[in-house]
Chemist: 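Starting off with a structure, shown below.
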Amino acid sequence: MTWTLVGYFPKRRPIRSRWIPCFPDDPNVGHDFSGAPVSAPVEEICSVSDCIAQGPEGWRDLGKHNFYDMYNAPDLAWSVVPVEVRSEFELFAYLLYLVEFEDGREEHMEEWWDLTVE
């Protein structure tokens, strides 16, 4: 089985110097550095979720994304990030491994969405 490129997405990758407390009132969070959700020596978190590594505001409302909520080309992905904050973002490519599990068995999934990803 092979990996399938499903698109690109710009993310604010959380690094220790830019961490903002997710739960500032939680007494169990942020005792080591500026509300960091994890302790040192962790310096960055790479996540596909929006709760830690956020995408640009309002990106979904623009309707430029594909079925997988990604963008088919790097330029298209950058187009949803305002110029004045682009330096805060990094662009990631996302690959999908087409498998599913049924009754504990790994089975190949057929690619059912036509994608035109560069």
Side-chain angles (χ1 to χ4, degrees):
M1 284 185 249
T2 59
W3 292 90
T4 300
L5 178 63
V6 294
Y8 305 89
F9 197 85
K11 299 283 251 174
R12 277 191 173 109
R13 190 179 72 198
I15 58 174
R16 187 165 292 281
S17 65
R18 292 193 309 233
W19 264 325
I20 298 170
C22 297
F23 307 102
D25 298 329
D26 185 336
N28 299 312
V29 175
H31 296 293
D32 64 330
F33 187 86
S34 300
V38 294
S39 60
V42 175
E43 292 296 325
E44 66 180 301
I45 299 174
C46 294
S47 172
V48 296
S49 73
D50 267 345
C51 63
I52 294 185
Q54 297 176 346
E57 278 202 41
W59 67 269
R60 190 179 302 265
D61 299 331
L62 298 173
K64 297 180 177 184
H65 56 282
N66 65 25
F67 173 80
Y68 293 104
D69 287 343
M70 303 290 157
Y71 297 94
N72 290 341
D75 289 344
L76 185 58
W78 280 121
S79 76
V80 301
V81 182
V83 174
E84 60 273 8
V85 294
R86 280 195 187 153
S87 64
E88 299 172 19
F89 286 81
E90 292 184 51
L91 188 64
F92 293 89
Y94 289 84
L95 302 170
L96 181 65
Y97 192 53
L98 295 172
V99 297
E100 62 184 341
F101 293 90
E102 188 168 319
D103 296 325
R105 291 183 323 272
E106 182 179 310
E107 297 183 10
H108 177 70
M109 292 171 43
E110 295 301 319
E111 190 172 341
W112 66 95
W113 301 107
D114 289 329
L115 296 175
T116 55
V117 179
E118 287 182 10

Chemist: Using the test ring-ring contact (aromatic ring centres under 6.0 Å, His included), find all partners of Phe9 that sit at least two apart in sequence or belong to another chain.
Modeler: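 Scan of Phe9 (ring-ring contact (aromatic ring centres under 6.0 Å, His included), adjacent residues dropped) gives Trp59, Tyr71.
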
Chemist: Which pair of heavy atoms, one from Asp69 and one from Arg60, lies closest together, and at what distance?
Modeler: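 Scanning both residues completely, I find the closest heavy atoms to be OD2-NH1, 2.9 Å.
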
Chemist: Show me the pairs that pass salt bridge (Lys or Arg N to Asp or Glu O under 4.0 Å) and involve residues 70-81, at least two apart or across chains.
Modeler: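 As it turns out, there is no salt bridge (Lys or Arg N to Asp or Glu O under 4.0 Å) pair with a partner in residues 70-81 once direct neighbours are skipped.
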
Chemist: Under 3.5 Å, side-chain donor or acceptor atoms of residues 77-86 against the rest of the protein: list the pairs with distances, not counting sequence neighbours.
Modeler:
{"residue": "Ser79", "atom": "OG", "partner": "Lys64", "partner atom": "NZ", "Å": "3.2"}
{"residue": "Ser79", "atom": "OG", "partner": "Leu76", "partner atom": "O", "Å": "2.6"}
{"residue": "Arg86", "atom": "NE", "partner": "Trp78", "partner atom": "O", "Å": "3.4"}
{"residue": "Arg86", "atom": "NE", "partner": "Val81", "partner atom": "O", "Å": "2.9"}
{"residue": "Arg86", "atom": "NH2", "partner": "Trp78", "partner atom": "O", "Å": "3.1"}
{"residue": "Arg86", "atom": "NH2", "partner": "Val81", "partner atom": "O", "Å": "3.2"}

Chemist: Please find the pair of heavy atoms, one from Val99 and one from Glu106, that lie closest to each other, and give the distance.
Modeler: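 Nearest pair, atom of Val99 first, then Glu106: CG1-OE2, 3.6 Å.
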
Chemist: When rounded to the nearest 0.5 angstrom, what is the spacing between CZ in Arg105 and CD in Glu100?
Modeler: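 It comes to 10.5 Å.
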
Chemist: My understanding is that only residues two or more places apart in sequence, or in another chain, count here; which of them pass side chain to side chain contact (heavy atoms under 4.5 Å, CB included) with Glu57?
Modeler: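 By the side chain to side chain contact (heavy atoms under 4.5 Å, CB included) rule, Glu57 matches no residue at all.
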
Chemist: What pairs with Asn66 under side chain to side chain contact (heavy atoms under 4.5 Å, CB included), at least two apart in sequence or on another chain?
Modeler: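 With sequence neighbours excluded, Asn66 shows a side chain to side chain contact (heavy atoms under 4.5 Å, CB included) to Tyr68, Met70, Asn72, Leu115, Val117, given in chain and number order.
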
Chemist: Enter the distance from Arg12:CZ to Gln54:CD here, rounded to the nearest 0.5 Å.
Modeler: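 Atom-to-atom, Arg12:CZ and Gln54:CD are 7.0 Å apart.
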
